[in-house]
Amino acid sequence: MSIQQSDVLYTAVATAENGRDGRVATDDGKIDAVLNPPQEMGGSGVGTNPEQFFAAGYSACFQGALGVVARQEKADISGSTVTAKVGIGKNEDGFGLIVEISAAIPNVDAATAQALLEKAHQVCPYSKATRGNITVTLV
């Protein structure tokens with residue numbers, strides 16, 4: 001379900017110059033980064049790239065969703081981490097993304113961890129935004 005502009009609690013603003021081989025900065029100055037394509041895509045790899053920012057944002061958001069679900073399920077996820085791997089590659093109309101989400105949740109068994117991941121995937125805003133658009137695998 002979509003939200004309306006009146007429902008927005010916060011808006012992040014970032015501006016890019018020269019696309020993948022330039023610079024990106026947020027309006028508040030908290031991010032100001034040089035962008036370069038990774039060496040695997042023919043770039044220098046000196047700076048960061050959009051996929052790294054997406055992986056960072058997705059993993060943080062998913063960790064937050066995992067916390068929400070864990071509280072509902074009364075599961076202990078203290079000490080847990082979430083890792084997002086964002087791949088980019090060619091597809092039929094240019095390029096596309098693929099994501100793999102994994103979590104280390106030391107205080108629950110494997111079945112509980114998998115169930116928590118699946119529930120978090122249903123409530124995470126990044127997962128909702130990508131659903132049906134890119135392949136996201138939970139590991």
Side-chain angles (χ1 to χ4, degrees):
M1 175 184 263
S2 298
I3 66 171
Q4 302 300 313
Q5 188 61 40
S6 60
D7 298 322
V8 172
L9 300 174
Y10 169 75
T11 300
V13 179
T15 302
E17 299 170 6
N18 298 321
R20 291 180 161 275
D21 208 359
R23 179 179 160 267
V24 65
T26 55
D27 64 336
D28 62 5
K30 291 181 180 178
I31 295 175
D32 190 344
V34 172
L35 298 176
N36 298 116
Q39 290 179 333
E40 297 85 347
M41 294 179 67
S44 69
V46 173
T48 188
N49 59 68
E51 291 70 38
Q52 288 178 321
F53 279 114
F54 189 62
Y58 204 157
S59 63
C61 188
F62 202 96
Q63 178 77 43
L66 184 62
V68 168
V69 169
R71 284 188 292 282
Q72 292 170 346
E73 300 291 320
K74 297 185 180 17
D76 179 7
I77 64 159
S78 58
S80 66
T81 60
V82 172
T83 300
K85 295 180 181 178
V86 176
I88 183 169
K90 291 187 177 189
N91 63 13
E92 62 280 351
D93 60 354
F95 287 87
L97 298 176
I98 188 167
V99 175
E100 179 181 290
I101 302 281
S102 62
I105 310 173
N107 298 320
V108 300
D109 61 56
T112 301
Q114 187 63 33
L116 290 170
L117 280 180
E118 290 171 10
K119 289 176 182 176
H121 189 47
Q122 296 306 308
V123 299
C124 173
Y126 275 59
S127 292
K128 288 178 182 181
T130 59
R131 192 165 290 122
N133 298 311
I134 64 174
T135 300
V136 176
T137 305
L138 304 177
V139 185

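Keep in mind that the numbers below use all heavy atoms, side chains included, and drop hydrogens, waters and symmetry copies.
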Kindly state each residue pair satisfying side chain to side chain donor-acceptor pair (under 3.5 Å) with at least one member in residues 79-89, sequence neighbours excluded.
Gln63-Ser80

Gln122 versus Lys128: any side-chain heavy-atom pair under 4.5 Å?
no

Remaining members of Leu35's ILVMFWY cluster at a side-chain heavy-atom cut-off under 4.5 Å?
Val24, Ile31, Phe53

Results of side-chain contact (heavy atoms from CB on, under 4.5 Å) for Asn91 - residues two or more places apart only
Asp93

Under a side-chain separation threshold of 4.5 Å, the hydrophobic residues clustered together with Val82 are Met41, Phe54, Tyr58, Phe62, Leu66, Val69, Ile77, Val86, Ile88, Phe95, Leu97, Val99, Ile101, Ile105, Val108, Leu116, Leu117, Val123, Tyr126, Ile134, Val136, Leu138

Would you please name every residue forming a side-chain contact (heavy atoms from CB on, under 4.5 Å) with Glu40, sequence neighbours left out?
Pro38

Apply side-chain hydrogen bond (donor to acceptor under 3.5 Å, both in side chains) to Thr130 and Asn133, showing your working.
CA-CA 5 Å; Thr130 59; Asn133 298 311; over 6 Å; no

Excluding Val8, membership of its hydrophobic cluster (Ile, Leu, Val, Met, Phe, Trp, Tyr; side-chain heavy atoms within less than 4.5 Å) reads Ile3

Residues pairing under side chain to side chain donor-acceptor pair (under 3.5 Å) where one sits in residues 10-27, two or more places apart or in two chains, turn out to be Glu17-Arg23, Arg20-Glu51, Asp21-Asn36, Arg23-Asp32, Thr26-Asp28

Quick one: ring-ring contact (aromatic ring centres under 6.0 Å, His included) pairs with a partner in residues 12-36, sequence neighbours left out?
none

Those residues at least two apart in sequence (or on a different chain) that pass side-chain hydrogen bond (donor to acceptor under 3.5 Å, both in side chains) with Gln72 are none

For Gln52, what residues pass the side-chain hydrogen bond (donor to acceptor under 3.5 Å, both in side chains) criterion, not counting sequence neighbours?
Thr48

Going by side-chain contact (heavy atoms from CB on, under 4.5 Å), name the residues that satisfy it together with Ser78, two or more places apart in sequence or in a different chain.
Asp76, Asn107

I'd like to check the side-chain contact (heavy atoms from CB on, under 4.5 Å) partners of Thr137; sequence neighbours left out, ordered by chain and number.
Thr135, Val139

